[in-house]
Asker: 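The structure follows.
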Amino acid sequence: MEKFDVVVVGAGAAGLFCAAQAGQLGLSILVVDNGKKVGRKILMSGGGRCNFTNLYIEPAAYLSQNPHFCKSALARYTQWDFIDLVNKYKINWHEKTLGQLFCDDSAQQIVDLLIAECELGKVTIRLRSEIIDLQKSVTGEYLLKLNGVDVSTRKLVIASGGLSMPGLGATPFGYKVAEQFGLSVRPVSAALVPFTLHKPLLETLQQLSGIAVPITIDAVEGTRFKESMLFTHRGLSGPAVLQISSYWRPGQAVTINLSPDTDLNDFIDAQRREHPNLSLKNSLARVLPKRLVDNLVELTLIPELTLKQLTPRQQQQVVEQLTAWQIYPNGTEGYRTAEVTLGGIDTQHLSSQTFEAREVPGLYFIGEVVDVTGWLGGYNFQWAWSSAWACAQSLAKK
């Protein structure tokens, strides 16, 4: 039986960072993971450049049954703290849009940083390790039966992530551990994920696959994002759609403004004065992609008229159709392409200071497995760093 002060389950962003910090505070740490290599999700994030944090981190950018839960950790270990660490390792980075920070070179640099930090903390990492059995002894120790070895620890940190991207080894392990020890799990679903569409709308919009347009998009409950939308052969994607997917529920519509930066009424009026014989669709093709306009004609959202033929009522209808286009998604592409998992371990069971389960001493949950989900753009990585750091400090205190 091997003994460690702490066993961390999951060699992703939260698990590695927590292990490194706790190890550097003098604890003996074992990280176990079922995969062949560490940081698999980090490596493919941000198009391979890892959107590692955001300049504008704030609690309002996180979804949770308890919106206050994330505040403590985010305040104690901020984006500036992680940026300092990135700078310390001389990793060059840039801001892309909306405060999103990416490595200039490769996501591998963030993985290398985490491995180096773990080495500083003398952390033991064991990959391809399946947890065959987990029990808590009468003396309060956690007994883990791994493939080939038995391990005991007084503190167990679950950083096993959610269900998103099962191809990278995602499993429901963390939720099962919670339920084993009597903690409830909030309903989970795919988030930051593309929408699929019903036929015949899909068949029409499939012709636009690859075209991106700036939009605003609104969920039924009032949340709005202004970013780009990408038409795909399965439906709708792009940053705006991924963002709103976290707020959408099956059966609901989303409302899309295809012209967020141009007042269409003023535009059409001006075009009519200058080019009264121009067709409405050719006029609109000056502010929208022509293929999109042709498809909107096919969907009868735009009438085949010249500008001088267009009545005030028809103009108002066209403007409303294009600035408040209601689409009812068929669903989402699911966990296969989702960036994160919405829901997770109910925060009412956890201390927001330490991430320890209130009813189960020595059991901790951090990162994506917890019911805290950030916006697209580095927010979920920052949650991983902040929750991991806060947990590590508490591990060393007891």
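Note that the coordinates shown come from a computational prediction; the quantities given were computed from them, not determined experimentally.
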Asker: Examine the side chains of Ser72 and Gln353 and answer whether a donor and an acceptor come within less than 3.5 Å of each other.
Answerer: yes
Asker: Between Glu119 and Lys122, is there a side-chain N and carboxylate O pair less than 4.0 Å apart?
Answerer: no
Asker: Verify the ring-centre separation between Phe52 and Trp385: is it less than 6.0 angstrom?
Answerer: no
Asker: Name the orientation class of the two ring planes belonging to Tyr247 and Phe225 (parallel below 30°, tilted from 30 to 60°, perpendicular beyond 60°).
Answerer: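 If you compare the ring of Tyr247 with that of Phe225, the planes turn out tilted.
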Asker: Ser129: what forms a side chain to side chain donor-acceptor pair (under 3.5 Å) with it, not counting sequence neighbours?
Answerer: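 Once residues adjacent in sequence are excluded, Ser129 has no partner under the side chain to side chain donor-acceptor pair (under 3.5 Å) criterion.
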Asker: Picking from Phe355, Tyr77, Phe82, what satisfies ring-ring contact (aromatic ring centres under 6.0 Å, His included) with Trp383?
Answerer: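 Among Phe355, Tyr77, Phe82, the one that satisfies the ring-ring contact (aromatic ring centres under 6.0 Å, His included) with Trp383 is Phe355.
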Asker: Assess, by modelled atom type and distance only, whether the side chains of Gln206 and Ser209 contain a donor and an acceptor separated by less than 3.5 Å.
Answerer: no
Asker: Mind checking what makes side chain to side chain donor-acceptor pair (under 3.5 Å) contact with Gln315, not counting sequence neighbours?
Answerer: Asn265, Asp269, Arg272
Asker: More than 12 heavy atoms of other residues, nucleotides or ligands under 6.0 Å from CZ of Arg126: yes or no?
Answerer: yes
Asker: Verify whether the ring centers belonging to Tyr62 and Trp375 lie closer than 6.0 Å.
Answerer: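 Judged by ring-centre distance (under 6.0 Å), Tyr62 and Trp375 do not meet the cut-off.
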Asker: Looking at Ala11, is its backbone amide N or carbonyl O close enough to the side chain of Asp33 to form a donor-acceptor pair, meaning the two atoms are under 3.5 Å apart?
Answerer: yes
Asker: Residues two or more places apart in sequence or in another chain: which of them pass side chain to side chain contact (heavy atoms under 4.5 Å, CB included) with Lys226?
Answerer: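 With sequence neighbours excluded, Lys226 shows a side chain to side chain contact (heavy atoms under 4.5 Å, CB included) to Thr216, Pro260, Asp261, given in chain and number order.
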